[in-house]
Engineer: 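This is the structure, below, for whatever I ask next.
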Amino acid sequence: MNIVFLGYPGSGKGTQARFIAQKLGMVHFAPGDILWDEVVKKTPLGMEVHDYLSSGRLVPDWLILRLLKDKFAAEKRGILFDGFPRTLEQAEALDAWLSSRSAALSAVIYFNLPEAAAAKRLEGRVACAGCGASYTAPAGAPLSACSACGGALKRRDDDVPAIIQKRMMVYRDQTEQLISYYKSNDILVEVKADQPQQAVTVQVATALKSVL
Ligand code: AMP
């Protein structure tokens, strides 16, 4: 089974993706997390993408597609795509890549949350540098340690108001069109993402039951 989680940055899809992928024994593909990790480690890939990430622009399609293909060439498990695809070109390339593996998408879960609410969540978001767990802390508040693994909590450099606005605009311009793309393929299921985390998990689990 292969699934896409679609929605604004800050709509909660990353938190749900980590949980659901683990529960279902799927691999979690979150290019944003992978790329930020490369930036922090100052690898050649990190240097290449740093300007895109820190300004809130999408990295070129070919680079994301290369990442996907390199990472999963030999992967046999189902993949949960979180924050990918983000352009029509990526969506079409994903369909072609899956089809070349005699696979397809089973469902696309659309996390419906108003833009302002998503932006507010990003402003308060902190993540563990060790295990990736996500927490909320008001802007400017001191950061404690991760309650799951004790790792250091950090804010991402792109979770600041000016860059958040840019990321929202990029979503509207380039990613939002995927809602109708997947609706026309009849695999889109919408969840109300303005609910508490557990209530969203229940909606996602219910949506996925029909394709399991
Ligand atoms: P995210 O953590 O999903 O908000 O992604 C953080 C950043 O990584 C984005 O602002 C982009 O610069 C880059 N990125 C993540 N996923 C993609 C994608 N599918 N296509 C292009 N750029 C991406």
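Counting convention: from 1, in listed order, for ligands and their atoms alike. Given the structure is predicted, the values throughout are model-derived calculations rather than measurements.
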Engineer: Which of the numbered atoms in ligand 1 are under 4.0 angstrom from any heavy atom belonging to P31?
Structural biologist: 16 (N)

Engineer: When the aromatic ring centroids of F81 and F5 are compared, is their separation below 6.0 Å?
Structural biologist: no

Engineer: Counting only heavy atoms, which portion of L58 has something under 4.0 Å from ligand 1: side chain, backbone, both, or neither?
Structural biologist: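 It is both backbone and side chain that touch ligand 1.
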
Engineer: Provide the closest heavy-atom pair for L143 versus A137 in the form atom of the first, atom of the second, distance.
Structural biologist: CD2-CB, 3.9 Å

Engineer: Any link between L105 and L178 through a network of hydrophobic side chains (Ile, Leu, Val, Met, Phe, Trp, Tyr) touching at under 4.5 Å?
Structural biologist: yes

Engineer: Nearest protein heavy atom to atom 5 (O) of ligand 1, by residue and atom, and its distance?
Structural biologist: G32 CA, 3.4 Å

Engineer: Going by the atom numbers of ligand 1, which of them fall below 4.0 Å from some non-hydrogen atom of G83?
Structural biologist: 16 (N), 17 (C), 18 (C), 19 (N)

Engineer: Does D33 pair with R18 as a salt bridge, N-O distance under 4.0 Å?
Structural biologist: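 Looking at R18 together with D33, the answer is yes, because their closest N to O distance falls below 4.0 Å.
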
Engineer: What atoms of ligand 1 come within less than 4.0 Å of a heavy atom belonging to R167?
Structural biologist: 4 (O)

Engineer: Looking only at N/O atoms, are Q90 and ligand 1 under 3.5 Å apart anywhere?
Structural biologist: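 Between Q90 and ligand 1 (N or O atoms, distance only) the closest approach is under 3.5 Å.
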
Engineer: Please tell me whether W36 and D157 have a donor and an acceptor in their side chains that are separated by less than 3.5 angstrom.
Structural biologist: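 Side chains of W36 and D157: no pair found under 3.5 Å.
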
Engineer: Is it the case that Y52 and D158 place a side-chain donor and acceptor less than 3.5 Å from each other?
Structural biologist: no

Engineer: Do me a favour and list the nearest non-hydrogen protein atom to atom 7 (C) of ligand 1 with residue, atom name and distance?
Structural biologist: L53 CG, 3.9 Å

Engineer: Which ligand 1 atoms, with their elements, are less than 4.0 angstrom from a heavy-atom of R57?
Structural biologist: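 Heavy-atom distances to R57 below 4.0 Å select 11 (C), 12 (O).
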
Engineer: Give the residue and atom name of whichever protein heavy atom lies nearest to atom 6 (C) of ligand 1, and the separation in Å to one decimal.
Structural biologist: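 Protein heavy atom at minimum distance: R156 NH2, 3.3 Å.
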
Engineer: Hey, are D173 and K166 close enough for a salt bridge, meaning a charged N less than 4.0 Å from a carboxylate O?
Structural biologist: no

Engineer: Can you say whether the rings of F72 and F29 are parallel (under 30°), tilted (30 to 60°) or perpendicular (over 60°)?
Structural biologist: perpendicular

Engineer: Just need the protein heavy atom nearest to atom 22 (N) of ligand 1, so name the residue and atom and give the distance.
Structural biologist: V59 N, 3.1 Å

Engineer: Could you check atom 23 (C) of ligand 1 against the protein and tell me its nearest heavy-atom contact, residue, atom and distance included?
Structural biologist: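 Protein heavy atom at minimum distance: I64 CD1, 3.9 Å.
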
Engineer: If you have a sec, work out which protein heavy atom is nearest atom 3 (O) of ligand 1 and how many Å separate them, to one decimal?
Structural biologist: R86 NH1, 2.8 Å

